[in-house]
Amino acid sequence: MTLRLYDTATREVRDFVPLEEGKAGVYVCGLTVQSEPHVGHVRSAVNFDVLRRWLAHQGYAVTFIRNVTDIDDKILTKSEEQGRPWFNLAYDMHRELDKALASINVLPPTYEPGATGHVPEMVELITTLIGRGHAYPAEDGSGDVYFDVRSWPAYGELTNQGVDDMAPAEDADPRGKRDPRDFALWKGWKKESEPETAAWPSPWGPGRPGWHIECSAMAGKYLGKAFDIHGGGVDLRFPHHENEQAQSRAAGYPFASYWMHNAWITTAGEKMSKSLGNSLLIPEVLKRVRGIELRFYIVAAHYRSHVEFSFEALDEAAAGFRRIENFLDRAAAIGIGRDEVPTTPSRVGGPADVPLPDAFVAAMDDDLGTPAAVAVVYDTVREGNKLLAGGPTAELTTAVRQVFGMLEVLGLDPTDPAWPDAGGGADIRLTDAVDVLVQGLLEERAEARAAKDWARADRIRDQIKAAGIEVEDTPSGPVWTLGEK
RNA sequence: GGUGGGUUGGCCGAGAGGCGAGGCAACGGACUGCAAAUCCGUGUACACGGGUUCAAAUCCCGUACCCACCUCCA
């Protein structure tokens, strides 16, 4: 069984064949750190996090690079509006992004390069392009450098477009361009309107990088001239990825073997950036559901499917995920918990200690079929729930191990300490304290029940419930859990 | 205008020629003092119109509606 991935460039599902056996190099376009991350931003990160975990689980040594764009027009515009330096805005938003990603258990990449730290690499690449006749400094003295689209016959190959069908670029004064479709590799510093801190020295005078060049330069630096997979949101297909590929290949680099693009999360039928609304920012969403539930909501849909976001659907997903957690909790209550189920030491994938169900593996190998994979998790949970009635058995242990193994691949293991709300030492002490108090009440209730004094038994249960704690009677005795938030 | 994608049951969301993915909700049953949880069961869903085929949600043709990208949006 081999991994198959949908390649945007060829518009078909293809076998994944790495350039180097046993290794996978992945580059994902991260965010432009210009505002707080919302649900849509985070989807891309989760989707590619699942890709990474699956590759690792299948035994690949994964080098995973996800960049941040920390200088661009919007950052400059917004920072000016907010009356603070652009680098402060970018840094603040970068930290917000880190926090948001941590809250949904997205692993930190192998490395996270930023554009501003890689100007020399970009200058070098631009110089190469000029030398090869694929780029030229603007003739209007603006200090801009453009990629010469007409000089690269393959231009448009990624998105299946002809140059003549495209609308001309508007991000620079067209007077300096040979063709209106040429795009900026380097942007000359505009003294009158841009801060001095937003300019770096170059052979063409002070300026800053064009958008696309950073990814070409950084992918080349950290993954090599050829690498396996390049990912990002669908909107980046054109122009960003088309331009990246054109630049890199025109410079003589083979670049990415596979292109993967995640679809949108929309609200009211439109992309989130259009519908705005603070309620979709990650901290707001996390007031309603836990991070793990938000992640489950994202993972339960295929990465190439549009998802129409709604809080109702989010609540449903959260309810569905608790069913999985309930199974794990009940198994733990009879002695089959996470500690008894050793899997990989790093929790970053790698082969599990128990073979995952064939159907799960097949689903994941089929272009990361997470919806089908989640269905297998539910099937296993249902079987496990049946087994649970028989007490601790080898079959039950296997089911628990498989569920943990599958959840880990999806980044959804509730016992993973990476979850910020998984509880540190203080939480555990608090839980122990509450346990003592609740156990006392449960003993009283047990006495009442033994005496068939149902009124008193229910009164005690209601009293506990008033504190936000649910009591369930199980074959092995009453179990208390914190109620839903 | 060019390019890419979508329309599935009360809801969410898979699938891509034949056997009803899965979840949420609902209803019935089992279990329970009652609940809860769990298990079992219950649905003639594939935008519309044609066609191909023994067989179409799935392939072909056409129509409608929706969305995205076309130079700094995940």
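Source: prediction; values computed, not measured. Protein chains get the first letters and strands the later ones, always in sequence-line order, with residue 1 at the start of each.
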**Report entry** Value in whole Å for how far the P atom of B/A16 lies from CG of A/D367
**Finding:** 11 Å
Requested in this report: For A/K74, answer base if it contacts any base atom (sugar-phosphate contacts may also be present), sugar-phosphate if it contacts only those atoms, and nothing otherwise; contact means non-hydrogen atoms under 4.0 Å.
Outcome: sugar-phosphate
Report summary line: Assert: residue with more 5' nearest nucleotide on RNA chain B, out of A/F321 and A/H41, is A/F321
Report summary line: Comparing nearest nucleotides in RNA chain B, the 5'-proximal residue of the pair A/A313, A/V42 is A/A313
Query - Out of B/C24, B/A74, B/U38, whichever nucleotide has its closest atom nearest the side chain of A/E316 - result: B/C24
Query - Atom-to-atom span, CG of A/D379 to P of B/G23 - whole angstrom - result: 7 Å
Query raised in the report: Which one, B/U3, B/A35, B/G13, comes nearest to the side chain of A/Q161?
Result: B/U3
Query raised in the report: Rounded to the Å, how far apart are A/Y27 OH and B/A74 P?
Result: 13 Å
Query raised in the report: Looking only at atom C1', what distance separates B/A30 and B/G23, rounded to whole Å?
Result: 23 Å
Query raised in the report: Where the side chain of A/H306 is defined as all heavy atoms beyond and including C-beta, which of B/G5, B/C12, B/C73 is the nearest nucleotide?
Result: B/G5
Report task. Could you tell me whether A/G40 contacts a base, only the sugar-phosphate backbone, or nothing, with contacts defined as non-hydrogen atoms closer than 4.0 Å? Result -> base
Query raised in the report: If you look at every strand shown and take non-hydrogen atoms under 4.0 Å, does A/R43 touch a base, only sugar-phosphate, or nothing?
Result: nothing
Query raised in the report: Whole-Å distance between B/U3 P and A/W259 CH2?
Result: 21 Å
Report task. Spell out yes or no: do the side chain of A/R382 and the base of B/C40 have one donor N/O and one acceptor N/O closer than 3.5 Å? Result -> no
Query raised in the report: Reckon A/Y155 touches a base, only the sugar-phosphate, or nothing at all at heavy-atom distances under 4.0 Å?
Result: base
Report task. Consider the side chain of A/R323, meaning its heavy atoms from C-beta on, and name the nucleotide among B/C69, B/G5, B/U38 that approaches it most closely. Result -> B/U38
Query raised in the report: For A/L388, which contact category applies under a 4.0 Å heavy-atom criterion: base, sugar-phosphate, or nothing?
Result: nothing
Query - A/Y378 over B/G22, stacked by centroid distance under 5.5 Å, angle under 30° - result: no
Report task. Considering only atom P, compute the distance from B/G41 to B/U8 and round it to an integer number of Å. Result -> 28 Å
Requested in this report: Classify the side-chain pair A/E244/A/S216 by whether it contains a donor and acceptor separated by less than 3.5 Å.
Outcome: no
Query raised in the report: For the pair made of CD in A/E157 and P in B/C70, what is the distance, rounded to whole Å?
Result: 19 Å
Query raised in the report: Which part of the nucleic acid does A/N243 contact within heavy-atom distance under 4.0 Å: base, sugar-phosphate only, or nothing?
Result: base
Query raised in the report: Touch check for A/R304, heavy atoms < 4.0 angstrom, all strands: base, sugar-phosphate only, or nothing?
Result: nothing
Report task. Pick base, sugar-phosphate or nothing for A/V307, based on heavy-atom distances below 4.0 Å to the nucleic acid. Result -> sugar-phosphate
**Report entry** Centroid separation A/H212 to A/F183 less than 6.0 Å
**Finding:** yes
Query raised in the report: Touch check for A/H302, heavy atoms < 4.0 angstrom, all strands: base, sugar-phosphate only, or nothing?
Result: sugar-phosphate
Report summary line: Of B/A21, B/U71, B/G33, the nucleotide closest to the side chain of A/W454 is B/G33
Query raised in the report: Is A/R95 positioned over the aromatic face of A/Y91, cation under 6.0 angstrom from the ring centre and no more than 45 degrees off axis?
Result: yes
Query raised in the report: Would you say the ring centroid of A/F227 lies under 6.0 angstrom from that of A/F255?
Result: yes
Query raised in the report: Quick one: is the NZ or CZ of A/R304 closer than 6.0 Å to the six-membered ring centre of A/Y6, and within 45° of its axis?
Result: yes
Requested in this report: Determine the contact category for A/D473: base if any of its heavy atoms lies under 4.0 Å from a base atom, sugar-phosphate if only primed atoms, P, OP1 or OP2 are that close, otherwise nothing.
Outcome: base
Query - B/C59 to B/C67 separation - P atoms, rounded to the nearest Å - result: 24 Å
Query raised in the report: When we call it a touch if two heavy atoms are under 4.0 Å apart, what does A/S310 touch: a base, just sugar-phosphate, or nothing?
Result: nothing
Report task. On the 0 to 90° scale, with breaks at 30° and 60°, tag the A/Y146-A/Y136 ring pair as parallel, tilted or perpendicular. Result -> tilted
Query raised in the report: Okay, side chain of A/T393, backbone of A/L396: is any donor-acceptor separation there less than 3.5 Å?
Result: yes
Requested in this report: Start with the C-alpha distance between A/N88 and A/Q82, add both sets of side-chain angles, then the distance that settles side-chain contact (heavy atoms from CB on, under 4.5 Å), and finish with yes or no.
Outcome: CA-CA 11 Å; A/N88 178 50; A/Q82 296 172 18; over 6 Å; no
Query - A/A375, nearest nucleotide to its side chain (from B/A21, B/C12, B/U71) - result: B/A21
Report task. Take atom P in B/A56 and the same atom in B/G51, then report the distance between them in whole Å. Result -> 12 Å
Requested in this report: For A/R445, report the nucleic acid contact type (base, sugar-phosphate, nothing); a contact means any heavy atom under 4.0 Å.
Outcome: base
Query raised in the report: To the side chain of A/A301, which of B/A74, B/U71, B/G13 is closest?
Result: B/G13
Requested in this report: Quick one: label A/E308 by what it contacts on the DNA or RNA (base, sugar-phosphate, nothing), any heavy atom closer than 4.0 Å.
Outcome: sugar-phosphate
Report task. In whole angstrom, give the distance that lies between atom CG of A/N160 and atom C1' of B/C70. Result -> 13 Å
Report summary line: From CD of A/E383 across to P of B/A21 the rounded distance in Å is 18 Å
Query - Gap in Å between the two C1' atoms, one belonging to B/A57 and one to B/G13, rounded - result: 15 Å
Report summary line: From CG of A/D148 across to P of B/U71 the rounded distance in Å is 18 Å
Query - A/T159 side chain to A/Q161 side chain, donor-acceptor N/O pair below 3.5 angstrom - result: yes
Query - B/A45 versus B/C11 - spacing of their P atoms, nearest Å - result: 13 Å
Report summary line: Taking B/G13, B/C24, B/U38 as options, the one with an atom nearest any side-chain atom of A/N385 is B/U38
Requested in this report: Quote, to the nearest angstrom, the P distance that separates B/G10 from B/G5.
Outcome: 29 Å
Query raised in the report: With no hydrogens and no angle check, do the side chains of A/W264 and A/D235 hold a donor and an acceptor under 3.5 Å apart?
Result: no
Query raised in the report: Contact class for A/R449 vs. all strands (heavy atom < 4.0 Å): base, sugar-phosphate, or nothing?
Result: base
Requested in this report: Verify whether the ring centers belonging to A/Y297 and A/F309 lie closer than 6.0 Å.
Outcome: yes
Query raised in the report: What interatomic distance, in whole Å, is found between C1' of B/C60 and the corresponding atom of B/U52?
Result: 7 Å
**Report entry** Watson-Crick and G-U pairing of RNA chain B, under 3.5 Å, as dot-bracket with | and [ ]
**Finding:** (((((((..(((.....[...))).(((((.......)))))....(((((..]....))))))))))))....
